[in-house]
Each structure stands twice: as C-alpha cells, then as structure tokens.
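In what follows, chains are A, B, ... by sequence order, proteins preceding strands, each numbered from 1. Model, not experiment: these values are computed from the prediction.
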2 protein chains.
Amino acid sequence: MGSKKFVFSFEEGDGKNKKLLGGKGANLCEMTQIGLPVPPGFVISTEACLAYLAKKRKGLPPNLVEEVKAAMAELEKKTGKGFGDAKNPLLVSVRSGAAISMPGMMDTILNLGLNDETVEGLIKLTANERFAYDAYRRFIQLFGHVGLGVNDEVFDNIFVEIKTKFKAKDDTQLSAAALKETCQRFLELVEKKTKKQFPQDPFTQLEIAIEAVFRSWMGKRAIDYRREFNITRDMANGTAVNICTMVFGNMGDDSATGVAFTRNPATGENRLFGEYMLNAQGEDVVAGIRTPNPVSMLRREMPRVYRELENLRRTLENHYREVQDFEFTIEKGKLYCLQTRNAKMNASAFIKTSIDMVNEGLITEDEAILRIQPDMLTQLIHPRLDPKAKAQVLARGLPASPGAASGKIVFDADKAESKAKLGEKVILVREETKPEDIHGFFASQGILTSRGGKTSHAAVVARSMGKPCVSGCEAIRIDHLAKEAVIAGVSLKEGDIITIDGTTGDVYQGVVPTVEPEFVEDLLVLLEWADEISELKVMANADTPEAAEKARKYGAMGIGLCRTERMFNQPERLPIVQEMILAENTEEREKSLEKLLPFQRDDFKEIFKVMDGMPVTVRLLDPPIHEFLPSEEELMREIEHLREWRKTIEGMANLPETLSLLDPELHSKYAASLEMITHALEELKNKHLAEALIREKEAVLQKVKALSETNPMLGHRGVRLGITYPEIYSMQIKAILEAAAEYIKEGGNVAPEIMVPQVCTLQELLWVHKYVTKIHKETEKKYGIKVPYKFGTMVEVVRACMRAGRIAELAEFISFGTNDLTQATFSFSREDAENKFLPLYNERGILQHNPFEILDIKGVGRLMMITVEWARKTRPDIKVGICGEHGGHPDAIRFCHHIKLSYVSCSPPRVPIARLAAAHAKLKEKEYHCV
Amino acid sequence: MGSKKFVFSFEEGDGKNKKLLGGKGANLCEMTQIGLPVPPGFVISTEACLAYLAKKRKGLPPNLVEEVKAAMAELEKKTGKGFGDAKNPLLVSVRSGAAISMPGMMDTILNLGLNDETVEGLIKLTANERFAYDAYRRFIQLFGHVGLGVNDEVFDNIFVEIKTKFKAKDDTQLSAAALKETCQRFLELVEKKTKKQFPQDPFTQLEIAIEAVFRSWMGKRAIDYRREFNITRDMANGTAVNICTMVFGNMGDDSATGVAFTRNPATGENRLFGEYMLNAQGEDVVAGIRTPNPVSMLRREMPRVYRELENLRRTLENHYREVQDFEFTIEKGKLYCLQTRNAKMNASAFIKTSIDMVNEGLITEDEAILRIQPDMLTQLIHPRLDPKAKAQVLARGLPASPGAASGKIVFDADKAESKAKLGEKVILVREETKPEDIHGFFASQGILTSRGGKTSHAAVVARSMGKPCVSGCEAIRIDHLAKEAVIAGVSLKEGDIITIDGTTGDVYQGVVPTVEPEFVEDLLVLLEWADEISELKVMANADTPEAAEKARKYGAMGIGLCRTERMFNQPERLPIVQEMILAENTEEREKSLEKLLPFQRDDFKEIFKVMDGMPVTVRLLDPPIHEFLPSEEELMREIEHLREWRKTIEGMANLPETLSLLDPELHSKYAASLEMITHALEELKNKHLAEALIREKEAVLQKVKALSETNPMLGHRGVRLGITYPEIYSMQIKAILEAAAEYIKEGGNVAPEIMVPQVCTLQELLWVHKYVTKIHKETEKKYGIKVPYKFGTMVEVVRACMRAGRIAELAEFISFGTNDLTQATFSFSREDAENKFLPLYNERGILQHNPFEILDIKGVGRLMMITVEWARKTRPDIKVGICGEHGGHPDAIRFCHHIKLSYVSCSPPRVPIARLAAAHAKLKEKEYHCV
C-alpha cells in the first residue's frame, strides 16, 4: 500500500482510467495531454480514498500527504505562484469526482489557499477588493461547513444580519467593507464553534479539504444516490479529488471569462460561437450586471488570444469529434480552458454538424448516424410551440400525438368540416372520438379529448395523420347543448381559440405562436446514408392517397398497411356502408357493395399512382361492422326526440278543427294565431314522416342490438366477417385488382398485396384465397392483361403464431399486428387497461412500460420470434413485417432487426425516425441482447 | 399368375390375411379354424379379382375356374349334397368381401344352385313348397339383375301384377302357387330380355355370379364409396368372393334358427341369452308371424344341440374374449354358426362383463379398462329418459349439460328458490342466466335457456353442478310480465310441467319418466384399476362443500379449482358484496369485507373437512366486479318504475287539500272516496322513500357505468383487481389460511393451495405473494400453529405462457385455465363466437371443432407444451394441471398425459370419466401423436 502512487498530475494521469481517476479527473488529464491550456493541477486517485476509508478515517495516509506536497510544489513551479504567498498567491479548487458522475452529491471548494494574508495579495492582483473579500467569505463559509462541520445556517444568519445592517437587498449591493466585515464575523464564528482559529495555513486547509471529499463518499446523500441509481462498486468505488489552479478573468483588461461552442448550436454553422466578458469572473456573467459580448468581438480586443481560441476550437473538435461546449478564462492575456463537454443542440443543428463533420473527414457516416437519436427527429416533423412564447398552461392532458396547433373550438366533426370549408382553423374538442368523426379529423388542426389514453381512437387516428392530439384531458367538461366547454374553470364557447401541444399534453387559451418544422436537406442526406446501411425496409401505414403522398415525402419504401375501413368512414360513403350492413339479404347487400366498389377502386388507384411500383399492402375489412352504425345510446336518444316531435304534432291535431269553427270574419283579427295554425297544419303533414323516421331508426336499433357483442375486440370481425359475408371481401378484392389493372393499362407499375386480418388458421386463408384467385382470373380476363399481386396475412391472433408453419404454406408475406397481438397476449383490452389499471401497474413497476406504447419484447416479442422461426421453416423467403404502432419505435425496430424481419411499417411522420432507427439497429446489432 | 392359388377353403385360409381374403372371408376362415360349426365353404381371393379386372373382364381366368370346381367338389363331399342334385341339392351363397367393410356396396346372391329341378328337391327336404318357390323367385330376380343385367324394375312390375291378380296386399299373403307362377314369369322375362334361357346349370350360375361380384368392385357405387371414405388401394384392392353352403332352419322340427349373445347384453349376466324359432328361416323371425322362444327353452327341446350351443358360446368367448352376438341355424339337428360379432351393450353391462372376464382370466385388467370408452360412463352418471317412454318432442335446443329432469316451469331464480323450499321440483326457464341466478340453479332440477351455446353461463354452471341443461332453445319466447312462455307455438304458464333432456337437447311437455343412474359396484372396481395405471391425478372443480362431497363420491383426488366468486353470489352474501363494491373508500370497503370474511372462512373450512388432507386449490376472485352488480338496463328500468311511482304520488298531492275543503258532514257520504284519499295520504308519506330509492339506484347506476368495460373478458379482473384492491384478496387469503388453521386445531389435515388468476408477469405474483406471506405469518401467530400452504397461479393469459420460466421461480404450481386461454389464443370471445360465426366455421370445416368444447391441441396445446417446458426448466418438480372445462374430456386428457401434466381437474360428474381416460392415456401413450 505504501508504495502505491496516489497522485497524478494532469500531464501524467491516464485519461481513459476513470475508475482510478474519476470521470472529471480523467477528463482533465485528457484535456491537458491533448494540448488544451488547462490550468495546472493533479488528481488524487480513488485508491487513496479507499485507503483513507479503510483506515477508518484516521487521517490521510502519510505517503499521500507527501505526494500532495510534491505535487503542490510542482504547481508553484508551473504557475510561478506561491501557495500561501501573500503577493502572488497560488489558489486552488478542490473537487470530488467518482468514476460515474453523481451531480450535486459532493461539494466543491474554490479558492483554497485564501487567508488573511493572501486575500490582500488577491486584492492587489485583481485591483478588486470587493471581489477578493467576496471570494474569501464564500471560501470561509464553504470550508467551515464542509471541512470543519460548522452548521451552514449559522453563516447564513450572520450574512442576513450584515445585509440588514448595510440595508442591502441582496449580495450584489454589499460593498467591499461589508464583505470584509462578513469575513471577519465568519472567522470569529468558526473559531467559536471549533474552539480553534480558522486554519490560515494553506496546507492545513488542503489536507482538511481532501479528507472532507473522501468522507463525502460515504455520506448519506451519496449512499442514497448510489442506491437510487443502482451504482454498484463495480461501477464506481471511492471518489478521486481534483486539485486545480484557480485562474481569474478579473485581473484587469487583459483578463476575461467566457463560454463558447465550437460551432453554432442553434444553426450548426461551422464558426466559433459564444460570449465573453472582459475583466470578469463566471459569477459576473451569471449576475447579469453587464452584458457579455459575442466572442467574435474578441478578435478585435485580443487578436492573439482569439487565434488561440480558434486553435483551441480545432484541437477540441479534432480530439472529441463532437461539437464542444467549453468554458474559458483569460488571465492576464493567458487563455485557459476550464471545462469542455459535448454541446447540446437542437435536432437540425445536430444533424448539420454531424454531416459537416463527415464531409470534413472528422467522423464516418456510421458515426454521424449513430450520433442522432431517432426520436430526436420528432422535432423536425411537427410544428412546435415557439420556445420564446410565454403562455400560461390552462390544463394538461396526455401527449397523444406530437406537434402544436391553434384553432377555434368546435364540438363536433360536422361543424369542424363546415368551418374548415370556410377556411377557418379549428380544434376538435370532444369527450372522445369515434370512427364516424373521421371527417372532423381531416378538417381540424388538432384534436383535444377529455377521455381516453394515448392509444384511444383520437390518439391513434391523429398520430396516423400526423396531427397534434391531447387526449384524456380530464379537466374539460363539455356542455353540448350550450356549445360550451369548461376547461379548468375557464368557460370557453364554440369559436373561442385554444392552442394544444401534443408533444407535452399542454392546453393553452388563445393563440400561442408555433414554429414550423424544418425538414432540412441535411436530414435527407443522413437518411439516405441510413437506408444504405439498414437491412430493414421502412414502409408506411397510409389509408388515403393524401397519406400516401406524405409517406413518400418522408421516404417510405412502400405502404405496409392500408386500412380499408378508414375509407368506409368518409361522409359520402358511410350511408352506403350502413345500408350495406342493414341489408336484409345477400342480394341487397351486394347492391350496396356495388355502389361502394367505385369509391374503393378509385382510392386504390390513386394510392397505386402515388406509390408507383412500390408495394402497397391492403388489409381487408377488419373492425366489427357494428362500428359503422350509430351507438345504441345515440339511436335511443334520436328515437326519443322523434317521438317527442310526433307528440307535438299530435298535440296540434285539434287546431284545424278549431280553425274551422272560427268565424271567417275573425280571421284577420287573429292573424298571428292563424300563422301559428298554418304552421301547425304544415307540421301535421310531417306526422307520417315522423312515423317513418321512427320506424327506420327502430329498425337500425334492432340491428345494432343484434350485432352488439360482449367483447367486440374478440368478436365477429376481420376474416370472420370475410367468411360470413363473402360479398364484402369480394368487393374489396375486386376493387384492389381492378385498380391495379387500370393503372397498369395507364402505363403504371403496381405491386398490390392483399392482407387478411385476424386469421387464426390456414383454413381461413384458404377460404379467402379462393375468392382472390377467382376474382383475379376474372380481372385479368376483363382487362386482358396480367395483374401481379401477393397474398398474405396479418399475424395478430396468438393462434396464428402457433400455426405460422402452416399459414406460411399459403401466405407469401405476414405482418405482425402488434396492437391486437399485445391485447391478446396480455389479455388486456387496451381501452379498459389504460383507463383502469395500467397506470397503477406502471407506477408500481409491475410492468415497466405501457405495452401498447413500448413493444413487450419478453412476451409479445417472444411470440414473434417463434412465429418467424416456424414460418421461415416452411417458406424461407417469406416476407415478414410489423405494422402495429410499435413499428415506428426505435426499441421495437431494434428488436425487429434482431429477429430478421423484412420491414417495419409505421405512420408517415414516423418514417424518418424508423429509417434512422433501422440503421442504428444494424450498426449496433452486435451489442444487442434481448429476452 | 397361372401358378398362383386363388381359392382357399375355410379350413385353409389365413384368418389374419384380410387383404387377400377380404374381411368377411378371413373371418369365416378364422371361425372355421377355431372349431366353430361354420357351414363349409371357400374364399376366392382378391388377387383373383385383380387378375380378372386386369384381363379387362374377358371371362374368369381358366385356372380359377378349375380351382372353383375342385372346391365345389370338396363341398359336395363335406355336405353330402350335390350341386344341381335334384334330390339333395347343394345350394350356396355368393358374397363379396373386401379388406375393408363396405356395407351395402356390393350384392349378395343366396340359394345359388336353384333351378327348375333342384327347387323340387328343396320342396321335399323342407316340406315347404311356398318357402322353396319364394327362395327361387328371389334367386331368379337377384341373379337376373346382378348376374345378367336385367332391369330390377321389370321384375318388380311383374311381381305387382301377381299381387294384384292374387289380391295380396303384400308378399306374405301370396300362396305357393302364386310364387310358382312368379318364378315362371321371371324365367320368361329373363329369357326375353337376354335372348337366352335362364341358366339352369349351377356351375354356369356360379361363374356368372363370381364375375358379377368382381365387376361390382369397379361399379360406380363402390368407387364413389371408396372416394367418400378415403379408402386407398393400400387399404383395399379388389374384392374377395365368399362361397358358402346354404343351411336351412326350416327343414322340420329338428331344425331352427336363432340369434344369441354369449352373455346378457342388458345386465351382463354370464349366461347364454337369445331367441330361436323352430322350423324357420331368418326371414320368419323378421316377419314377426310367430313369437320366438328364449334360447333357454332349447335346453328342453334339443338338449344335445343346446349343449353344443353352450360349447359354441365358450369357444367364441375364449377366442374373441369379448361378448359375442351370433347367428345360428340348426339344420336337421346339426348346429351351424353363421356369423358372430362383438355384442353392443349398455355401459353397466359392458363394465360388468369386462370385470367378470378379468376375474375369469379371459382378459387382463388393462384390456378391461381399454375396452370401456370413457364417455360411455356418462350413461351411469346422469338420469336419463326412460327409453321405453313415448313422448313427443316439443322443441330442440343444444345438449348443454347431460341428464334428464322434469319440473314446473319458473322464470326467475327467486321463484325457483321459493318453490323449491316448498318441496316442488322446478325447471328454471330463462333467455339466459347470469351469476346472480346461481341460487336458482341450486333450487332447480334443470335449466332451459333460449339463448347461449354449450359454453354459455347456464351450460357451464349446470355442468359444474351436474344438472341437466338445454341451452339456446330458440323456439322459446318468454313473456315475463304474463309469466308465460311460448315454446314452439305451445303456450306454457309458470307452474306447468316440462321435461328436458340435456343429453339430446330435447324439450317435452309434461312429465316424461326418467331412469336413475346406476353407479355400479363394478365401476368402482374398474376405476380403482384405472387409478393404479394412471400417471395423471384427477381432481375436481368444486366451489361449495356440497360439490366437494360429490367430488369425493366420484373419486376426485383433491380440488383443482375452487372458484371463490361462486360463494359471493349466494343470496345472503350478494348484498354485502355489492356494498363492498359501492364503497366510497378503502375503509368502507374493508368494513364490508370484514362481514364477508366469516362466510368465506366457514365455506373453506367445510371444504377442507370434506377433502380432509387432500389438496384444495382456491382461486382468488376472478371476474370483473361489475358482474356482481345489476346491469345498466335493469337499473334504468327500475329507476323508470320508481319515477313513475313518484309521479303517481305527486299526482295525489292535491287530494288532501280537496279533502280539507270538503264539508265534514259529507265525509260519511263519500266514505269510499275518502278511503281512496286516506290511501293517497299514506302513499304521500312514501314520497321521500321513493326519492331516496331513486337516488340510491342512480348512485349504483353511476358506479355500474364507471365500471363498465368495452371488453370485460380482457378487462379489470383477476389479479388486476387483486392489485388495485389489495383488501379484497387479503380478505380471501385470510379466510383460506384461518379456515386451514381452525381445521388443523380440530385435528384435521389440510393442504390448501392459493391460486392467482389472470397473471401475465412474475411481478403480479410477487405482489400478491407479499400479502400471502404477511397474512400467513399473522395467522400462524394468531393460532399458534404451523399452517402449510402452496402458492401458484392459473395460466390463462398467453403472456404467462411466454413468461413461464420466470413465473415458475415463485409459483409452486400452475394450472392451465384453458377456457380463457382458448379465448385469448383464438381472439374469440366465447359468447360472441358461438353466437355469430363459430357454427359456420364448424360447418365449413374451417375449424374441426368448437375449441371451447374440444381442446385445440394444435394451437392452445402447443402453447401449453412450451409453457410446461419452460416452467420445468426453472423448477423441474413444478406441479402442473389443467382446470378448464377441457380437463374432463378424454382427448384433452390424452394430450395432458402426453405433455406430462401432474393432474387434470374437472366438474365432479366427469371425474370418473377423467379417471378412466387418464388410464387410457397411459396405456395408449405409445400410439399417441399430436401437433
């Protein structure tokens, strides 16, 4: 032990050995050794700390004391200053630093070496008495507290007294004299409390400070912190102590202090960026008494130092190969670099600098790609609130779909549509949304709901459209009759303006300015590089030609999921869909379907055009058909209203008789009443209409009741519908293949893929395949051309996983529908779970995440692995993808790459994120471990 | 080919070589060779058939003709008769017979050898001219049709003419003369149609007949049959021809014909059982002109032959080692055995004879066990309709729970209970049942519903109680107001008697007599043998002490599933349960739970007593709590009624005022009105009551709405409840452990097992385990004794299968809940699937079975295999069982044995079936292949 070296100068410490030197210490060594002008100093190793603690804190090991003294002598030599020298005093900082950063856990002592004499030297050197006494009183308090154990509050109390005495509102108003008095009173306090004079000997100060840092490692705060963050001894054992020469930017007009970035962190521009203040210390910058100057001004003020700063910038970037955010001080014309770290930048600057660094040969393309966290791209995709805007949050809901938007409040989808047609920007505000509100989504800038989670209908649809949505904002009460909403006590009427931020879940009254997304050129470059690396293809979930356009814009390589039911919900189609559902028999149903066919065919054709030649995977009808009908409650309410109307009409039945009894001569006298009567007569003609409407609604109600299900999630839907109503699937298949044929005839390329949902057995697939082959033959005959297509299935039913080997006999591709698959795997109904128990489960750590947001790799993922394995055994080249919402999340994408899926499919705005994540997955595949 | 032997006498043919000799031929050889008095004969092999067909049917192979002639000469020698001999003619039957039986596919020709001369000989020998001509005319028609290709109808037309001429209503009324004339006209017909005389030469007849049989193998009927039943050439190729001497039981009083069983097939008694008729042919027995005698009478009438018959019986049983059902003929004192096959018996006779045969050393215990199909025991467990009773079926529903019962119709559970208390037998008739109807199940003889499948609530509960149930009987319309049901047009009132047969699904008006089950001693013996063989233990699903009693009676080795919620539903407890659910906070809820605790504890204690020392697996609360509250609809109806009541009361508000205005002297005059007014005043006092009730119901309605779920199957239930309301599970755990402690203190043995439902992750289990260890410690302290218990989980959520390895770290046992697991695996909601699409799926063969009835081995089974494998990897000795409804089904049991489960658990009445099936599974394990 005695022979072990404990102290390492910044020049000799191993910059990689954080375990020995602590993170900060290693960093200082590294900075020094790459030639940065770090103020001289040394590190006392973590081993010294352990040695001290092993001795049960009975003083510093003697050899350590000797080494420290030698190192101090070295410092004096390097700086030309003397430790305790009253004229040119060497002052140092003493900082702790463990292998793992534990911010705020242990204290830092500055200006160690100050005493009654050296403070005078400092005054002379800085010509700033106030500064020197301020530094001294801070040092006495901190050292007294940390090193000598004097209660911090007692210092504070004295300081309050001083401020009262000198009538100062805060520290900055205290004069040098007042601060000098403070020092005096602090010194007396320490003497009183410790029964000893405040140590005036700098070496004594240093030893006490070192011991204090060592002890802090086993302090309660530090122990708690390590437990909280699971920092084991393997990761960090003991703290190092960093002793570094103090430098002063306030030693005259040839001194300064500043903060700079090696490139502009807001724009990424490759130019030194920062601020400095002449003759000042860091505190002055913080205090904001003077305005700092842009660093470019330094070029004129200190050209030599500026050149050094430019050199420093280059050295930093050449070494760290990332944009650096560094602190510097100029002491009497000498530049020091005190600290450096990777700069925090917004996404576009981060991307720009990364690409520039590739072009400059500083980093490789792979490094540039890995540097950008995929989720960071969110910033580039959605409008966001202007960070400079100051606005009061009115209420907070769930951040259900990112982006920000302002608009006039509307309470229903029809109103949204009519207002939007007039060019108004609206926000749709509802308790919750339903599929029939879909036109309201199209018309709105954003959606705000009072109920439902991040995977509610509103959230899912909004995300798929890339529109902002705040869901489950419970502070909202909507009064539909009054067309009014009370949000957190504030009453807002239809037409009042609000702003929602779907990235944070915040809701604001009035307009809050937003910043438009910048889909920068650099991003395109980065994503192209990413695509070259990725093995996973990235497709988009897009249901309409507009969404397909968006998908292409974001670089989707095809459509992985086109949900035909979204098309059903458009206002001009829904009545036909309802008519089809209400049909009494197959013939009638076929007639309605005949009317739907052109709509669907045109949609598909448009989509094929947009995607020209790329695969377009169309999923046949999935939801239970009762979703297209009004709810039981709604119908009952409507019938009730109609009955009341009828009653009113009936109440008027006697009026005409009364009229006939009336003396014709009186007619003119009672003109007003007569008008009423005439109106009544008009209304009476409506009686039959009212009755017909009631009958009609009652028939619908009957059907809705007949179709109602105990567990619609597990009910009559998907392929089960396709088999019980073959005419529905047949129409859709016809629409797809005819659209393809028509576009081919126009000279286009198509790659349609027909995907069957909710399959649990090969037999179902065979059944639908029969329709497909028949219709395909008919279509090729009708158009006289070959129409290519692929046939496959969603895998979203657990049994399909178990039967993957058989299903792959027929399916040319399979696509994991992880939304439903997650529900089935957990036996969690998404809505019910998110409303009733999932938050508690997350809170208690029973489940780490909401599995509907973060793919559950251990459960659902395991099923997926088994499925892929069995499916590939039957058909080694089977195309396997994922089209659940998880498909756009980096963690899930990493897993998908790991199990060798062919593609992921996600909502268009997430496509860039997925492309980047796919490249990350490939680049980091070796370090990946799962399940 | 020329040298191959084609003809085998019954003495020389290999009884095992069905491929060569056909099934029938091989059988005749076997019978002959074990010494049965089979009439002499021989078999022409299937190879001869193939040789004939290969030659494109150009006549029989010459060597075959020679062999047949030689064989016929042999027959003449054996019988002492001559083929074509006019005095003592040898007649033969010619039958086809392929390796696989194809009943009715090819023809049989009897009495071949008859011609104008030999028919005279037959008359003399039988002294029965009518019989001889009848035989001859049949022979001519059949041979003419089959051998010579004359259209059958033409014969029939002639026969009709004859009957008209002789004024005979049917064949039996025709005299010998008439039949003789028939023969004459038939012979003329054949000559006319074939332009040849009817072949009088017996050998020519024989050759033609053999060729006809060969040809029939490639006839349309036979080809269709083989295609329909997937009979490949590997299984059967060509038909053999069996030629057998005709024997006649009508050759005088030393001749007879009869049918006998080697043991009594109704009782199993070990005594020859059967009937015979002197001087008769088989046809006479069928015609029913004379009554046959019991075979015992033969002992007196023909003592020697009777002894031979007894020998025959012994020979048959010694050889076939199963009870035989055989035909015999006595020709002139000589006994012939014409045919034998395994006797069909009812379950009790089958069991008795099997056990007897073991005791007689004829078969082994294993063979006895394998002989009884487990499902056969159903007969022994449930009362069934008296097969002799003649009753008209009124309607038909689904056979939802086996057994038959009669009783008075009641339309609600309360009425069922009140009537049952008066000692009346009732049948509960409802659209469908809900958990709160449970007391109605206890009170009823059986349940009849108009909606729901075989796995509806009614069906599941009825089966678990072993009560008959007919579900989904759509012909029923119930009018609750009128207390009347219209069943298939018949109007039945409450109190009218019906009978239901849950084994068939039939519903009858009035009482149909039933037969009580016989739980015979022999069955106990058989099941004991079975238990010794089985590796699977058989437990019962039992929720009450009564059910536990039943379970033990049926031989359950413990309780594999005790559902605590069934206990919650009892009428005196339900209000407390509802109070607990409606509680505003945890404290209030705990108070209600405190009241429930003694009930649950007493139940458990009773069950522990009944099962003394056997494992009792208690599942903590599983269903969503809203199941214990009335439905939204119901509440809304009640509130509506209350409001109307309040309105009525309010309408009376003016009456008292009117009264006060009334002249007091008039009071007496208006006594009647006054009485009404007094009543109104009384009612007015109720106004507050009405309002309070409305408020109360509205509060419940609010709660019901708040608790309502989109997909309750996947909702807030099971362990999710246990974690959100820890006080509920804690109460149940306390009840279990305290009950155990109390019973131990009374000197009993207990083996309680606490089972957590709906688990999807180890974390949930850990959470509940915390409660258990805490309460266990408290209980042991409170009672001052050790209380043993096991802790485990249901596996009914797919994710639990995926996480089985982790779950097994804590779970000492797991039990597959295949009902829910099947729902989750298929994404089928049971009720919705059975009502909407599952029947169609089964009909079209998309799914072979209803997976809720027959365990889906390919999907759910595969998941189970994976689960067992992973769980055992972590904990090799983990106890694994199944407690879904499938646990009582032989196919599922075979699979459970295959994957090495520790036990199956099923409803008490199915325990015997499961015990037998478990033994079968072990005995047949080598032949088992799955997935």
Given 3.5 Å as the limit, does a donor-acceptor pair link the side chain of Thr449(A) with the main chain of Gly472(A), or not?
yes
Any donor and acceptor pair, going by atom type alone, linking the side chain of Ser829(A) with main-chain N or O of Leu714(B) inside 3.5 Å?
no
Most chain B-contacting option - heavy-atom pairs closer than 4.5 Å, from Leu863(A), Asp832(A), Val798(A):
Asp832(A)
Is it the case that over 12 heavy atoms from other parts of the model lie below 6.0 angstrom from the CD atom of Gln848(B)?
no
Give, as side chain, backbone, both or neither, the part of Arg844(A) having an atom under 4.5 angstrom from any heavy atom of chain B.
both
Crowding at CD, Glu698(B) (>12 non-hydrogen neighbours, <6.0 Å):
yes
Go through the atoms of Ser708(A) and report whether side chain, backbone, both or neither lie under 4.5 Å from a heavy atom of chain B.
backbone
What residue, out of Thr724(A), Asp856(A), Asp820(A), has the most heavy-atom pairs lying under 4.5 Å from chain B?
Asp856(A)
Looking only at heavy atoms, the pair that brings Phe826(A) and Cys760(B) closest together is CD2-SG, 3.6 Å
Once you round to the nearest 0.5 Å, how far does NE2 of His716(A) lie from CG of Leu721(A)?
4.5 Å
Heaviest contributor of heavy-atom pairs below 4.5 Å to chain B, chosen from Gln758(A), Glu709(A), Gln823(A), is Glu709(A)
Should the heavy atoms of other residues, nucleotides or ligands under 6.0 Å from CD of Glu474(B) be counted, would the total exceed 12?
no
Contact winner vs chain B - Ile723(A), Thr761(A), Leu840(A), heavy-atom pairs under 4.5 Å:
Ile723(A)
Please look at Val759(A) and chain B and tell me whether the side chain, the backbone, both or neither of the residue comes under 4.5 angstrom of a heavy atom of that chain.
neither
Taking the basic N atoms (NZ, or NE/NH1/NH2) and the acidic carboxylate oxygens, is any pair closer than 4.0 Å for Arg637(A) and Glu634(A)?
no
Using a 6.0 Å cut-off, check whether atom NZ of Lys770(B) has over 12 heavy atoms from anything other than its own residue.
yes
Please classify the contact between Ala833(A) and chain B as side chain, backbone, both or neither, with a heavy-atom cut-off of under 4.5 Å.
neither
Counting only heavy atoms closer than 4.5 Å, note whether Ile866(A) contacts chain B via side chain, backbone, both or neither.
side chain
Quick check for you: among Gln763(B), Lys836(B), Arg799(B), which has the greatest number of heavy-atom pairs under 4.5 Å with chain A?
Arg799(B)
Region of Leu762(A) that comes under 4.5 Å of a non-hydrogen atom in chain B
neither
Residue Leu847(B) versus chain A: region with a heavy atom under 4.5 Å
side chain
With a 4.5 angstrom heavy-atom cut-off, is it the side chain or the backbone of Ala804(B) that approaches chain A, or both, or neither?
neither
I'd like to know which of Glu796(B), Arg720(B), Glu764(B), Met713(B) tops the heavy-atom pair count under 4.5 Å against chain A.
Arg720(B)
